[in-house]
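In what follows, a structure is listed as structure tokens, so that the remarks can point back to it.
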Amino acid sequence: MKGDISGQSLDGVRSTGEPRDGVRSIGVQSAGVHGVGAVDFGYAVRSVRSPWFSVRVDIRQATVTAVLFGTALVLSVVAIRFGDYTLTIGDVVAALTGSGADFHRMIVVQWRLPVAVAAIVFGALLGIGGAIFQSLTRNPLGSPDVIGFDAGSYTAVVLSILVFGNGGYWSVAGAAIVGGLGTAFLVYVLAYRRGVQGFRLIIVGIGVSAMLGSINAYLITRADLSDAMTVGFWGAGSITRVSWSSMVPSLLIAAVIVLAAMLLAPSLRRLELGDDAAITQGTSVHPVRLALMVVGVATAALVTAAAGPIGFIALIAPQLARRLTRSPGVTMLPAAAMGAVLLATAHFLVLLVAEFYRPIPVGLLTVCLGGLYLIWLLIHESRRQYGRPTP
């Protein structure tokens with residue numbers, strides 16, 4: 001019976017075997033027997049243990065995440081050199097280390113560094129929000145911008161500027177957050193039928209988004225030209241207007257959102273097994289799902305409040321990260337890293353376009369590229385379910 005676990009009950013899963021190249025294999029030990037049957041989960045892991053916690057790290061996932069965040073950091077630093085006053089990489093590095101000219105330090109640290117930080121932080125937040133909703137809905141189309149939460153934030157900002165006449169930063173930011181959360185609550189209530197199904201949530205969200213879009217269009221057509229231009233520019237989505245005065249509070253709120261997402265991540269993985277399995281593991285399904293929705297909406301609402309709606313990053317990032325990590329489902333940390341890379345790349349491309357033509361908002365570029373991805377995704381999912389059309 002040594003090494004044979006057939007017919008025996010399992011009382012746990014633990015790391016077994018000798019370390020091989022610093023990687024520990026995973027095995028299953030059966031109750032009442034001394035043998036161990038090795039189980040190959042298909043990926044290399046490293047176990048990290050301390051007196052306070054124990055965690056198993058997917059090496060490929062950790063490597064991909066580190067490379068993606070490193071790429072986003074490099075792109076953001078290189079992007080600092082572009083603008084109305086062009087700098088060299090040496091000037092940027094010198095200014096960041098405090099050894100450059102005073103004028104260069106003012107350009108880099110005061111004007112362009114908050115934009116570079118925003119590209120990484122806001123992209124990561126959008127990636128986290130997309131991962132949460134795609135996991136909850138179990139659908140690659142599940143993201144805050146598709147479901148309609150961005151449209152809710154936009155409608156609240158339109159009302160704040162055009163109806164109530166409050167166009168200040170904090171008024172716009174507060175309206176965007178309240179509008180996003182209010183739209184999420186409305187979609188949740190309309191989609192609730194003895195629980196919330198992912199497909200129903202997406203369909204209801206698309207319908208609510210279309211309704212809010214018509215309201216926005218009506219209000220803009222009835223507004224003064226200057227107010228309409230203000231709303232239109234904000235609605236295009238741009239991180240170039242971000243400054244330290246708005247970035248510092250955004251960083252504090254982002255830290256709270258990321259911490260909440262980390263605390264809810266284990267519950268999200270249990271929900272992926274199904275409600276019944278999650279309940280047997282001690283998860284309060286409905287409160288946890290509602291809390292995850294609030295966190296996911298908060299990611300999009302914070303970005304929308306600071307920079308305007310930036311579409312399709314939340315839709316694309318989790319799926320691209322899943323393909324790079326070869327994981328069975330979407331995960332938050334790689335999705336955050338991919339979101340940071342995508343937004344940093346879009347910002348870099350926008351600056352390159354401005355060098356040869358004229359500045360464009362980063363939100364317009366992400367919508368154009370995201371639209372192409374959405375077309376590919378719809379074709380891919382259709383062929384996966386129904387097969388290729390016969391000639």
Side-chain angles (χ1 to χ4, degrees), residues 65-127 167-173 229-230 233-234 236-258 302-310 313 317 336-366 369:
T65 301
V67 170
L68 289 175
F69 271 124
T71 303
L73 180 61
V74 171
L75 285 171
S76 297
V77 172
V78 173
I80 292 177
R81 68 177 295 267
F82 295 102
D84 294 335
Y85 186 87
T86 305
L87 301 171
T88 65
I89 294 296
D91 295 334
V92 173
V93 174
L96 291 176
T97 56
S99 59
D102 292 340
F103 182 60
H104 290 170
R105 286 202 301 270
M106 181 180 65
I107 293 176
V108 172
V109 178
Q110 297 297 325
W111 296 349
R112 298 182 184 176
L113 185 58
V115 178
V117 173
I120 297 176
V121 174
F122 292 166
L125 286 174
L126 292 174
Y169 172 79
W170 292 110
S171 298
V172 171
M229 291 180 63
T230 300
F233 180 75
W234 181 89
S238 175
I239 61 176
T240 56
R241 59 176 176 265
V242 175
S243 62
W244 284 122
S245 60
S246 61
M247 195 62 209
V248 171
S250 297
L251 288 174
L252 297 177
I253 299 174
V256 175
I257 294 174
V258 171
L302 177 60
V303 175
T304 304
I310 299 177
I313 297 291
M338 180 57 73
V341 168
L342 290 176
L343 189 53
T345 302
H347 174 57
F348 180 75
L349 293 177
V350 163
L351 293 176
L352 288 182
V353 171
E355 288 289 312
F356 301 99
Y357 181 56
R358 63 180 61 179
I360 61 173
V362 69
L364 295 182
L365 182 62
T366 60
L369 298 179

task: Decide side chain to side chain contact (heavy atoms under 4.5 Å, CB included) for I239 and F122; before the verdict, give the C-alpha distance in whole Å, the side-chain angles of both, and the deciding distance to 0.1 Å.
output: CA-CA 9 Å; I239 61 176; F122 292 166; 4.3 Å; yes
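Counted within 6.0 Å of CE on M106, heavy atoms from surrounding residues, nucleotides or ligands total more than 12; the atom is thus considered enclosed.
We find the CG-CZ distance between L87 and F103 to be 8.5 Å, quoted to the nearest 0.5 Å. With rounding to the nearest 0.5 angstrom, the CG atom of L125 is 6.0 Å from the CG atom of L302. Here the CG atom belonging to L126 is positioned 10.0 Å from the CG atom belonging to L342, to the nearest 0.5 angstrom. Remark: I360 CD1 to S238 OG distance equals 10.0 Å, nearest 0.5 Å. Atoms CD1 and CG, from I107 and L113 in turn, are 13.0 Å apart once rounded to the nearest 0.5 Å. From H347, atom NE2 reaches atom CD1 of I120 across 10.0 Å, with rounding to the nearest 0.5 Å.
Scanning all heavy atoms of the two residues, the minimum distance from L343 to A118 falls at CD2-O, 4.2 Å. Of all the heavy atoms in V242 and A306, the pair that sits closest is CG2-O, 4.1 Å. Counting all heavy atoms, side chain and backbone alike, L75 lies closest to A344 at CB-CB, 4.2 Å. Residues P114 and V109 approach most closely at CD-O, 3.5 Å, considering heavy atoms. Contact record, T366 with A346: CG2-CB, 3.9 Å, taken as the closest heavy-atom pair. Contact record, T304 with W234: O-CZ2, 2.9 Å, taken as the closest heavy-atom pair.
In this structure the side chain of V256 never reaches within 4.5 angstrom of the side chain of L252, judged on heavy atoms. Annotation: side chain of V121 is in contact with side chain of M247 (closest heavy-atom distance under 4.5 Å). A 4.5 Å side-chain heavy-atom check between R112 and F82 finds every atom pair outside the cut-off. In this structure the side chain of V117 reaches within 4.5 angstrom of the side chain of L251, judged on heavy atoms. Residues I89 and V93 have side chains in contact (heavy-atom distance under 4.5 Å, counting atoms from C-beta outward).
Looking only at distances, no side-chain donor or acceptor of R105 sits under 3.5 Å from a matching main-chain atom of L96. For S250 (side chain) and S246 (main-chain N/O), a donor-acceptor pair under 3.5 Å exists by modelled atom type.
For residues 70-86, no pair satisfies side-chain hydrogen bond (donor to acceptor under 3.5 Å, both in side chains), with sequence neighbours left out.
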